[in-house]
Amino acid sequence: MYKTLKQQKWAILWTVVVLVFCNMHISDSVGKSGFFFEGFDKMTHLGFFFVLSVLLFYGKIKYQHTYAFRTLTIFKVLLVCAIIGGGIELLQWKVFTYRSAEWWDFGCDMLGASMAVFSYVLLHKLNFNEKKG
């Protein structure tokens, strides 16, 4: 267990960053500064969970010492992202009520994780074809 957590240290650190940024209070004046645009929140969720999924795959590959393709790994990464994304929305709904819990945010979380899964599958397939040819 400790070895698994040690290999996932970057993913754990990134999860803490995601939890802090997704639950911090943003004043209304910052939202009107011009830097933030319509849908910025959704894009942020997508990016956060894309990076989280990539770091989870990275830790798993380091733990396995191989780049072997495993469907179970994909399922585990998506499950972890769904739990964290759902947990963030629950926290925003019940604890940090100054933030709004939205299904679209959760959808963007899962879209970002799915994009990372697509990258993992694509890169694995490219790696497999290089060895084959």
Quick check on the hydrophobic clustering: are Leu55 and Val17 connected, directly or via other members, by side-chain heavy-atom contacts under 4.5 Å? yes
Could I get the full list of side-chain contact (heavy atoms from CB on, under 4.5 Å) partners for Lys62, not counting sequence neighbours? Gln7, Tyr58
Euclidean distance, Asp41 CG relative to Leu46 CG, rounded to 0.5 Å: 11.5 Å
Taking atom NE2 of His45 and atom CZ of Phe40, what is their separation to the nearest 0.5 Å? 10.5 Å
How many angstroms lie between atom CG of Leu56 and atom CD of Gln8, to the nearest 0.5 angstrom? 5.0 Å
Sorted by chain and number, sequence neighbours left out, ring pair (Phe, Tyr, Trp, His ring centres under 6.0 Å) with Phe106 holds for none
Identify whether Trp103 and Phe48 are in the same connected component of the hydrophobic contact network (ILVMFWY, side-chain heavy atoms under 4.5 Å). yes
Rounded to the nearest 0.5 Å, the CE atom of Met115 sits from the SG atom of Cys108 at a distance of 10.5 Å
Could you go through Trp10 and Leu13, starting from their C-alpha distance and side-chain angles, then the distance that decides it, and tell me whether this counts as side chain to side chain contact (heavy atoms under 4.5 Å, CB included)? CA-CA 5 Å; Trp10 292 112; Leu13 182 65; 3.8 Å; yes
Show which side-chain atoms of residues 73-80 pair as donor or acceptor with protein atoms under 3.5 Å away, not counting sequence neighbours.
none

Kindly indicate whether the side chain of Phe50, heavy atoms from C-beta on, has any atom under 4.5 Å from the side chain of Leu111. no
Would you list the atom pairs, donor with acceptor, under 3.5 Å between side chains in residues 82-101 and any protein atom, with sequence neighbours excluded?
{"from": "Glu89", "atom 1": "OE1", "to": "Glu102", "atom 2": "N", "distance (Å)": "2.9"}
{"from": "Gln92", "atom 1": "NE2", "to": "Cys22", "atom 2": "O", "distance (Å)": "2.5"}
{"from": "Tyr98", "atom 1": "OH", "to": "Asn23", "atom 2": "O", "distance (Å)": "2.8"}
{"from": "Arg99", "atom 1": "NH1", "to": "Cys22", "atom 2": "O", "distance (Å)": "3.3"}
{"from": "Arg99", "atom 1": "NH1", "to": "Met24", "atom 2": "O", "distance (Å)": "2.9"}
{"from": "Ser100", "atom 1": "OG", "to": "Glu102", "atom 2": "OE2", "distance (Å)": "3.1"}

So, do Cys81 and Leu52 sit near enough that their side-chain heavy atoms are less than 4.5 Å apart? yes
Establish whether Val121 and Phe57 are linked, either directly or via other cluster members, by ILVMFWY side-chain heavy-atom contacts under 4.5 Å. yes
side-chain contact (heavy atoms from CB on, under 4.5 Å) with Ile61: which residues, sequence neighbours excluded? Tyr67, Tyr120
Kindly write out the residues that satisfy ring pair (Phe, Tyr, Trp, His ring centres under 6.0 Å) with Phe49, not counting sequence neighbours, or none if the list is empty. none
